[in-house]
Number of protein chains: 2
Amino acid sequence: MTDLFQASAPLARGATLGDQVTEVLRHNVVSGAWPVGSMLPSETTLAQDLEVSRTVVREAVSRLKAEGMLSSQQGRGAFVSSDRPQMGFAIDKQDVESLRKLSHILELRMGMEIEAAAFAAERATDAHRAEIQAAADMFDNAETGASGVSEGVEADLRFHRAVSDATGNDYYLGLFNYLGASLRETMLAGRLKAVERGGNSRDAVAEHHDIAAAIAAGDSDLARDRMRLHLQLSGQRLLGNLRQIKAGDA
Amino acid sequence: MTDLFQASAPLARGATLGDQVTEVLRHNVVSGAWPVGSMLPSETTLAQDLEVSRTVVREAVSRLKAEGMLSSQQGRGAFVSSDRPQMGFAIDKQDVESLRKLSHILELRMGMEIEAAAFAAERATDAHRAEIQAAADMFDNAETGASGVSEGVEADLRFHRAVSDATGNDYYLGLFNYLGASLRETMLAGRLKAVERGGNSRDAVAEHHDIAAAIAAGDSDLARDRMRLHLQLSGQRLLGNLRQIKAGDA
DNA sequence: GTGATACATCTGTATGACAAGTTGTCAATA
DNA sequence: TATTGACAACTTGTCATACAGATGTATCAC
């Protein structure tokens with residue numbers, strides 16, 4: 001049953017075996033390979049196929065039981081009870097600590113914010129545009145001035161939230177708020193390292209201004225492109241800084 | 001440390017030891033006995049005090065870690081990370097009944113799936129491509145043949161899920177699963193009306209094939225464009241059908 | 001004081017064993 | 001034939017032990 005592994009990319013360094021097996025099992029459920037109501041292979045079988053101890057398999061199963069994705073009964077087996085998290089779409093708090101998962105979260109953010117920028121360009125009211133501009137200026141001051149690192153992150157988040165708000169679509173705003181909250185601490189750590197290395201966030205300031213200009217001009221295609229570029233670059237910057245941190249630890 | 005037990009209510013029959021210990025630990029957190037940030041007693045200590053094996057304690061801790069209430073680190077210990085369950089991104093079930101909110105949900109889906117199509121074109125494995133093609137064919141058969149309405153919706157969802165899966169990014173897959181599940185009933189109602197009006201979903205079949213071809217060719221820009229077009233058109237079709245239903249009701 | 005080293009302690013993982021519960025088989029029985 | 005009941009073959013639940021790997025701390029040398 002090596003095909004259990006086929007879809008799982010090389011797993012994050014530092015992730016425990018329990019984390020890894022949890023991901024494999026979860027993927028088998030959400031991908032539909034194990035439909036809702038179906039029975040899982042026994043823990044012993046899974047342990048053999050995945051080449052880990054039964055201890056690790058039980059750890060993974062117990063987590064997914066806590067999420068409501070699996071249920072088990074002594075003597076019968078374990079079953080898929082739901083193919084989605086009980087409480088909507090959620091990101092595990094520890095996931096942002098794994099660079100691979102973090103990059104995936106950033107990818108999702110990209111998909112969502114690129115289109116948000118386009119909607120914002122089409123629909124932003126004067127008030128929205130003013131807030132976007134204000135957030136861009138605040139970010140500018142925070143980065144070029146002598147403000148603390150925290151102010152920079154907050155201004156950054158404020159800008160992106162303003163763009164999401166300007167879509168006039170509360171789901172964009174809601175999803176951004178959730179992703180932003182999940183990323184806040186990590187962004188803070190990254191920016192801290194950036195400052196230590198001499199600071200490289202002036203690019204981000206210019207990118208914010210460019211996006212704000214495109215939205216103000218009502219050019220949705222341009223807003224899309226500039227947002228894409230900005231998120232690609234800032235994602236690379238963040239991941240680069242975090243890699244420095246992890247390397248420094250070792 | 002018998003006071004660990006003092007506040008625990010009589011536990012349900014059939015509850016495993018793991019369930020019981022989970023409740024004890026959870027109570028110690030929410031009651032404030034173990035403040036946020038504090039360190040838990042070691043697993044060995046807890047096992048002794050609670051008179052269970054370390055296995056059971058680990059089971060309980062792993063569940064609470066999955067809930068985001070605890071976090072642990074090898075060599076350091078386990079800590080209280082939050083005294084309340086984390087809330088994710090959620091869509092109210094009644095929102096899909098409002099046409100305006102529904103169109104907003106579809107917009108969010110667009111943002112997410114357009115970029116997913118691009119990632120899929122870049123990263124899809126042979127297995128992914130085969131599944132996408134199979135889902136497109138299944139949709140084809142369901143729409144051109146004499147299958148039920150439900151099969152069509154399921155095949156439609158399967159196609160889009162396959163694309164999300166092909167990103168290799170479980171957050172795209174997870175968000176799609178959530179949005180798809182939220183939309184399933186509404187899509188069913190819309191397609192029912194479409195069939196009643198003479199059927200207009202052959203366009204969607206062709207669009208699916210077009211998308212599949214773009215992904216198979218590895219052309220991410222084309223995949224993006226075609227997915228955007230498809231979601232725009234199918235969104236309009238769905239909303240149009242639903243308006244017919246609402247008009248018929250009145 | 002400072003840095004290197006050894007040690008104690010914690011979580012993570014593996015292994016083996018047994019208890020407890022469920023399901024299917026199959027023969028004995030009415 | 002239909003039903004019962006013992007039994008074997010599974011499953012998950014729990015325990016005990018051992019060791020690996022990571023971390024923090026005390027200790028020693030300089």
Side-chain angles (χ1 to χ4, degrees), chain A residues 1 5 11-25 28-29 34 37-81 92-95 97-98 245-250, chain B residues 1 11-25 29 34 37-81:
Chain A
M1 294 293 172
F5 283 108
L11 287 148
R13 193 183 307 274
T16 67
L17 283 178
D19 296 334
Q20 302 177 35
V21 172
T22 301
E23 230 194 304
V24 171
L25 299 190
N28 274 285
V29 173
W34 294 342
S38 66
M39 181 176 164
L40 270 64
S42 75
E43 294 174 352
T44 309
T45 307
L46 282 172
Q48 286 172 358
D49 292 346
L50 297 171
E51 292 176 356
V52 295
S53 72
R54 195 179 149 217
T55 307
V56 172
V57 173
R58 281 188 61 80
E59 165 115 6
V61 169
S62 83
R63 286 193 208 174
L64 295 178
K65 281 197 293 183
E67 290 182 19
M69 184 173 273
L70 301 180
S71 66
S72 65
Q73 195 179 347
Q74 189 176 175
R76 276 171 45 87
F79 303 85
V80 179
S81 51
D92 196 84
K93 202 168 185 178
Q94 296 175 332
D95 281 4
E97 293 169 12
S98 147
I245 294 176
K246 297 229 168 186
D249 287 349
Chain B
M1 297 283 176
L11 288 147
R13 284 180 301 116
T16 66
L17 284 178
D19 296 334
Q20 303 178 36
V21 173
T22 302
E23 286 315 306
V24 172
L25 299 189
V29 173
W34 293 342
S38 66
M39 181 176 164
L40 270 65
S42 76
E43 294 174 352
T44 310
T45 307
L46 281 173
Q48 286 171 359
D49 293 347
L50 297 171
E51 294 176 355
V52 294
S53 73
R54 195 181 148 214
T55 306
V56 172
V57 173
R58 280 188 64 79
E59 164 115 6
V61 170
S62 83
R63 288 192 206 174
L64 296 178
K65 281 198 292 184
E67 290 182 19
M69 184 172 274
L70 300 180
S71 66
S72 66
Q73 198 178 349
Q74 189 176 172
R76 276 170 45 85
F79 304 85
V80 180
S81 52

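Residue numbering restarts at 1 for every chain, and letters A, B, ... go by the order of the sequence lines.
- Scanning for salt bridge (Lys or Arg N to Asp or Glu O under 4.0 Å) contacts around Arg76(A) gives an empty result, with sequence neighbours left out.
- Within residues 54-61 of chain B, the residues having any heavy atom closer than 4.0 Å to DNA chain C are, in order of number, Arg54(B), Arg58(B).
- Contact footprint of chain A on DNA chain C: nucleotides with an atom under 4.0 Å from a non-hydrogen protein atom, first to last in 5' to 3' order, dG12(C) to dT23(C).
- Across every non-hydrogen atom of Ala66(A) and Ala66(B), the tightest pair is CB-CB, 4.3 Å.
- Taking each heavy atom of Pro41(A) and Trp34(A) in turn, the nearest pair found is CD-CZ2, 3.9 Å.
- In terms of heavy-atom proximity, Met39(A) sits nearest to Gly77(A) at CE-CA, 4.1 Å.
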Between protein and nucleotides 20-22 of chain D, what N or O pairs are separated by less than 3.5 Å?
| residue | atom | partner | partner atom | Å |
| --- | --- | --- | --- | --- |
| dG21(D) | N3 | Gln74(B) | OE1 | 3.0 |

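- Summarising the geometry, atom CD belonging to Glu59(A) is positioned 5.0 Å from atom CZ belonging to Arg58(B); distances are rounded to the nearest 0.5 Å.
- Atom pair Arg63(B):CZ and dG13(D):C1' shows a separation of 11 Å (rounding to whole Å applied).
- Spacing between atom CG of Leu46(B) and atom P of dC15(D) amounts to 14 Å, rounded to whole angstrom units.
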| message | Between Leu40(A) and Asn28(A), is the side chain to side chain contact (heavy atoms under 4.5 Å, CB included) condition met? List the steps. | response | CA-CA 10 Å; Leu40(A) 270 64; Asn28(A) 274 285; over 6 Å; no
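- When every heavy atom of Gly18(A) is checked against every heavy atom of Ala60(A), the shortest pair comes out as O-CB, 4.0 Å.
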| Steps toward side-chain hydrogen bond (donor to acceptor under 3.5 Å, both in side chains) verdict (Ser62(A), Ser62(B)) | CA-CA 7 Å; Ser62(A) 83; Ser62(B) 83; 2.6 Å; yes
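- Listed by chain and residue number, nothing satisfies the side-chain hydrogen bond (donor to acceptor under 3.5 Å, both in side chains) test with Thr22(B) (two or more places apart in sequence, or in another chain).
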| Hey, mind stepping through Thr44(B) and Gln48(B) against side chain to side chain contact (heavy atoms under 4.5 Å, CB included) and telling me if it holds? | CA-CA 6 Å; Thr44(B) 310; Gln48(B) 286 171 359; 4.1 Å; yes
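- The distance from the CG atom of Leu64(B) to the OG atom of Ser72(B) is 11.0 Å, given to the nearest 0.5 Å.
- When all heavy atoms of Val21(A) and Val57(A) are compared, the pair lying nearest together is CG1-CA, 4.5 Å.
- The CD-C1' distance, from Gln48(A) to dC10(D), rounds to 14 Å in whole Å.
- To the nearest 0.5 Å, atom OG1 of residue Thr45(A) and atom CZ of residue Arg54(A) are 10.5 Å apart.
- In this structure, Leu17(A) and Thr45(B) both approach DNA chain C, and ranking their closest nucleotides by distance from the 5' end singles out Thr45(B).
- End-to-end axis angle of the helix from dG1(C)-dC30(D) to dA30(C)-dT1(D), from C1' rotation axes over five pairs per end: 10° (rounded to 10 degrees).
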